[in-house]
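Values in this document were obtained by computation on a predicted structure and should not be read as measured data. Here is how names work: the chains are called A, B, and so on, in the same order as the sequence lines, proteins then strands, and each is numbered from 1.
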Amino acid sequence: MSSSSDDDQPLVKAKSSETISKSTDAAMDKDMPTTDSDTVKPGVSIAFGPVDDDNMDVDQPATNGAAVNGKRKASLPNGKSYKDASDSEDDDVPLQKRRKTSAAAESDDDDDVPLKKSGPIRATAHQIGEESDDDVPLGEKLQKEKAAMEKKAGKQAAATRRASKSGEAKRKAAKKESDSEDDKPLAKKPAPKKQANGTKKVKKEESDDDAPLTKKAPAAKKTKAAPKAEPASAKKGKGKVKEEDLEEGEEGEEEYRWWEDPTKGDGTTKWTTLEHNGVVFPPEYEPLPKNVKMLYDGVPVTLDIKAEEIAHAFGGMLNSTHNVENPTFQKNFFADFKEVLDKTGHGKDKDGNKVKILKFEKCDFQPIFNHVDAERQAKKALSAADKKKIKAEKDEKEAPFMFCMWDGRKQKVGNFRVEPPGLFRGRGEHPKTGRFKKRVTPEQITINIGKEAMVPAPPAGHKWKEVKHDQEGTWLAMWQENINGNYKYVMLAANSDIKGQSDYKKFEKARELKLHIDAIRKDYARELKSEVMAERQRATAVYLIDQFALRAGNEKGEDEADTVGCCSLKFEHVTLRPPETVIFDFLGKDSIRFYDEVKVDPQVFKNLKIFKRSPKKEGDEVFDRLTTSGLNKHLSNYMPGLTAKVFRTYNASWTMAELLKKMKSTGTIPEKVKDYNNANREVAILCNHKRTVAASHAQTMEKMEDKINGMRYQQWRIKQMMLDIDNKIKKKKGADYFALPEDLSGDWVKEHQASLVEQEKIKIQKKFDKENEKLEAEGQKPMKAKELQDRMAVATDLETKFKKELKTGKVEAEGKGPSVDKYEAQIEKLDQRIATAKTQSEDRENNKEVALGTSKINYIDPRLTVVFSKKFDVPIERFFSKTLREKFDWAIKSVGEDWEF
DNA sequence: CGTTGAACTTAGCACGTCCCGA
DNA sequence: TCGGGACGTGCTAAGTTCAACG
């Protein structure tokens, strides 16, 4: 490693020298005017001061149980191979690398992070237990726990100041029991087993329809709730949601600024009155025309409608190879297909003879695909007016379902359509991908609605599974899906009051974390050396979550895609490269790859080494003593409601806030928007938000490069023209100046010339055609072909000229009044255009797999964007689309330009 | 105390529309 | 003015969290 001296360097510097992908770095700096900004890291990381814990060294593990594996000081468990992995991977991961080596604790001015100021933390590695917590009265702890239990979501601001101490008390207790065994890895945690067939049993609720609330109201529930919201809805009388009620709205209703309403936001009751019209079912399956049949072994077969529906689903997908060619997808599809075939008697040929469908390979869905595709085309080809009409009709039908009345206010429903049947498209290597997701019947759907409200009628001949009046739930309808037994909910849209409120709360919680983050960091810095293995793992995990924005990482079952987060990281996902680099490489949520090489605190490095020590091997968990609930329970000691995910929100928003704070965005609006987007991009990279690279990306890049080369070639030509005028400047400027750039080969030049000529021809042709069209339209005679030929002379002349240039290596001066000065000016202009184009192309390359949207929608406090918009006078529309403006209405209306995260 | 259920947020992709430069 | 890429939106899968359960 080249970085031996980093430690004493200013952190900012150290970082860039560490960063793995240089090219990326360079590129990024260019589009990042505030170059230092990329060092922003929400937290400190290092700064834990000298790690004076030799006694804690690897071979001196946390507890007395110690020496499980004898000494192995300098060598990694399992030997070598760490670097190979990283080196070879580099190319695959051009981007990403920005999230460096955590070391970046710049920001001396940063009051959120006093850690570094506090100097070495003397942890007295052993005997922490005895150290200090005796001064915490036990009573306090109990009290605190009780409080936490009582008010789950409530405001309960203070209460927790001493949380960390109480944490210690617990730890002490914990230590006693776990002492001796502590550092032996637990036996592999048993994989959570799900029901073999995958469907969690749907809960049976024996309630009759008009039973009282199924959930008992907690004793402490607000009593004022009931009287409060009545009036609004009462005036129209109880019962069905009247169409007018739902449609009026827009102009009428005065807005409700819930964020200014002090009565809002506590307690668990979400509504008092709730009226809605239920859900929209997908259209019944429409059988294929008689002449469209799947082929089995070349023979067209007629299927029962149930089976046909599944075949139809598969056939319609034939164009998306990544589903249809996936063996798991095929296998699962065919298993479900066959099951239905067995039930419905397989297929019949044209003579009515039974055709047993046994092999996927013999099925040919092409005819179905052709049909589906034709229908798609036809739909696309519809006239704009027709399309509009169809949409209007659909809208009208659905209008009653689009809104509900929530405590008397009209609110938009998010997803009132029941999911249609189809083939399950699990992400990544989902073991169930391709299975048939069945049609949902009303009998599977539970409705949640106000007691007084009229219950929407189920489709004729059907009934709802259940109707309940759960005021603690925000959902209107719910069912369970048959593939994984997952619950699906109909809830309100993002712009609704209730969603806005919880969004607001989420960001307020993240802001509250600011008040505790110092203590938390201090604690985990210390606990990294804890003698209690569980505690040490926990501290290490919190460190990772805080520094690298990892997700919590729940356990997953065998019937799910194999993805991980922090707590579920496995041996093979973490590679250690001494002295202090950690390489993460794993699939996270949605099977998106998380790859990062980072420098970590030395103690963290040691810990990970310990956690990976043999007998652990591939497949074993790094944090075998840690679960997400344990972790979250610990975190909640610091602050009510603090969980792992809050760190992501906090760090994302904090990062954005710092970047925007530093930004002295000047210039045009597009430039300011770009600055904003660059900050947004850093957050997206922090959160590892990716998108798949567009199929056309490589081609686009090629085009851009071509364009740039064209300009460079043009520069070369101009330089030759300079020589043509004044040969003496060759000496003055040096021969290099006039040389053709090396990477522009002779072949390339030829090709380029040809394409220039070609373009010229096309241009002439087009102009000619257009003029002719115009002439004809005016009733005049078109120009003759001869005219075209004459005009084409320009292009042929160009061709000749190029050829000559090629031969002689000289370029005749062009333009009127040519002069060296003029040419120099031209070259300079081209220089600029080249620079711009290069930046653009680099931007695009760097951005190809980064998705900005997710962080903007979910992680960056929208008030930051509003502040930026106000401060730099950029219309908010430039950052938030219409729907986002509605979603973030509360933010847009509640802050001025001096608000701070 | 671990497991499961339930409810909620977060996530990328497909697809339609908009918009901008050749 | 057209084509293609950016953008907006709907969809639904895949997470997290916390309470209830045994």
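- An OP1 or OP2 oxygen of dT17(C) is reached within less than 4.0 angstrom by a side-chain nitrogen or oxygen of T643(A).
- For H689(A) and Y859(A), the ring centers are positioned less than 6.0 Å apart.
- Rounded to an integer number of Å, the gap from CD of E849(A) to C1' of dG12(B) is 14 Å.
- Within the 4.5 Å cutoff, side-chain heavy atoms of F880(A) are placed close to those of K856(A).
- Between Q480(A) atom CD and dA7(B) atom P there is a gap of 10 Å when expressed in whole angstrom units.
- Checking the phosphate oxygens (OP1, OP2) of dG2(B), no side-chain nitrogen or oxygen of S629(A) falls inside 4.0 Å.
- One finds a side-chain N or O of S502(A) lying less than 4.0 angstrom from the OP1 or OP2 phosphate oxygen of dT9(B).
- Residue-to-nucleotide proximity on DNA chain B shows that, of K887(A) and R376(A), the 5′-proximal contact is made by K887(A).
- In this structure, F594(A) places its CZ atom 16 Å from C1' of dA11(B), rounding to the nearest Å.
- Aromatic ring pairs are classed by plane angle as parallel below 30°, tilted from 30° to 60° and perpendicular above 60°; the pair W475(A) and Y489(A) is perpendicular.
- Taking atom CZ of residue R878(A) and atom C1' of nucleotide dC7(C), one finds them 13 Å apart after rounding to whole Å.
- Residues from residues 852-862 of chain A that place a heavy atom under 4.0 Å from any atom of DNA chain B, listed by number: T854(A), N858(A), Y859(A).
- Taking 4.0 angstrom as the limit, T474(A) places none of its side-chain polar atoms (N or O) nearer than this to OP1 or OP2 of dA7(B).
- Not one side-chain nitrogen or oxygen of K690(A) sits closer than 4.0 Å to the OP1 or OP2 atom of dC13(B).
- Note: F584(A) and Y595(A) fail the aromatic proximity criterion, with ring centroids not under 6.0 Å apart.
- T563(A) and K556(A) share a side-chain donor-acceptor pair at under 3.5 Å.
- Between K645(A) and L884(A), the one whose closest nucleotide on DNA chain C sits nearer the 5' end is L884(A).
- At a non-hydrogen distance threshold of 4.0 Å, nothing from residues 490-499 of chain A comes into contact with DNA chain C.
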Generate the contact string for nucleotides 10-15 of chain C. Rules: B means base contact, S means sugar-phosphate contact only, - means no protein heavy atom under 4.0 Å. -SBSBS

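- When all heavy atoms are compared, the tightest approach of G553(A) to C567(A) is O-CB, 3.5 Å.
- Nearest nucleotide to the T700(A) side chain, out of dC8(B), dG5(C), dT10(B): dG5(C).
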